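For reference, the structure is listed below as structure tokens.
Since we're looking at a predicted model, the values are computed, not measured.
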Amino acid sequence: MKTVGYVGSIEVETSGTDRVWFSLTEQDSGANWVEINGIRAWFQMKVEASDARPVEMAKLAMLFEAMKEGYQVAIYHPDEPRSRIYRMTRNDTFDANKVRTLRTGLHF
């Protein structure tokens, strides 16, 4: 599944947490959060020390740049939320498998 929006929030719970949470907005300004199934959607990336860490850190850098520059992003994730891990309410968190920056305004 693909969800498109602007990076509106990037958070961690504590310094010992191996997850980064982020949420998208529908426009580049304001707090009109992207919802999936009527719930504000949160996405997570694991940043634990493992073989996958360089890839996850690259995705995180893309999110920071998109947030700073106001670029739209496409987040690719499973259709279903994670059942045991959530950010604010049950069924609100999806694993971000792929991040793609969409530089709005550029057309090819």
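- Shortest non-hydrogen contact noted between P78 and N97 is CD-ND2, 3.5 Å.
- Here the straight-line distance linking atom NZ of K98 with atom CZ of R100 works out to 6.5 Å at 0.5 Å rounding.
- Minimum interatomic distance between Y71 and E65 (heavy atoms only, all atoms of both residues): CD1-O, 4.4 Å.
- In terms of modelled atom types and a separation under 3.5 Å, the side chain of K59 and the main chain of A96 share a donor-acceptor contact.
- Here W21 contributes atom CH2 and T93 contributes atom OG1; the two are 4.5 Å apart, rounded to the nearest 0.5 Å.
- Within the 4.5 Å cutoff, the side chain of M1 has no heavy atoms near those of the I75 side chain.
- Under the 4.5 Å side-chain heavy-atom criterion for grouping Ile, Leu, Val, Met, Phe, Trp and Tyr, F22 is not connected to W33 through any hydrophobic cluster.
- Criterion: ILVMFWY side-chain heavy atoms under 4.5 Å apart, direct or through other members. Under it, V4 and Y76 are not part of a common hydrophobic cluster.
- Of the possible polar contacts, none joining the K46 side chain to the V20 backbone as a donor-acceptor pair under 3.5 Å is found.
- Taking 4.5 Å as the limit, every side-chain heavy atom of T25 sits out of range of all side-chain heavy atoms of V34.
- Note that CD of Q44 is 8.5 Å distant from CG of D18, once rounded to the nearest 0.5 Å.
- Hydrophobic clustering of Ile, Leu, Val, Met, Phe, Trp and Tyr side chains at less than 4.5 Å, counting indirect connections, unites L60 with V73.
- Across R19 and V12, no two heavy atoms sit closer than the pair O-CG1, 3.6 Å.
- Distance check, rounded to the nearest 0.5 Å: CE of M62 to CE of M67 gives 15.5 Å.
- The two residues A66 and V7 come nearest to each other via the heavy atoms CB-CG2, 4.3 Å.
- Note: Q72 CD to E26 CD = 11.0 Å, rounded to the nearest 0.5 Å.
- F94 and I39 are members of different hydrophobic clusters when ILVMFWY side chains are connected at heavy-atom separations under 4.5 Å.
- Listed for the S23 side chain is a donor-acceptor partner under 3.5 Å among the backbone atoms of A41.
- When atom types are taken as modelled, the side chain of D92 and the backbone of R40 share no donor-acceptor pair closer than 3.5 angstrom.
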Can you check side-chain contact (heavy atoms from CB on, under 4.5 Å) on Y6 and S29, steps first, answer last? CA-CA 8 Å; Y6 297 88; S29 61; over 6 Å; no
Go through L24 and F43 one step at a time and tell me if the side-chain contact (heavy atoms from CB on, under 4.5 Å) criterion holds. CA-CA 9 Å; L24 305 177; F43 303 92; 3.9 Å; yes
Kindly indicate, with the supporting measurements, whether the criterion side-chain contact (heavy atoms from CB on, under 4.5 Å) is fulfilled by I36 and T3. CA-CA 9 Å; I36 298 175; T3 301; 3.7 Å; yes
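- The CE atom of M57 sits 8.5 Å away from atom CE of M45, with the distance rounded to the nearest 0.5 Å.
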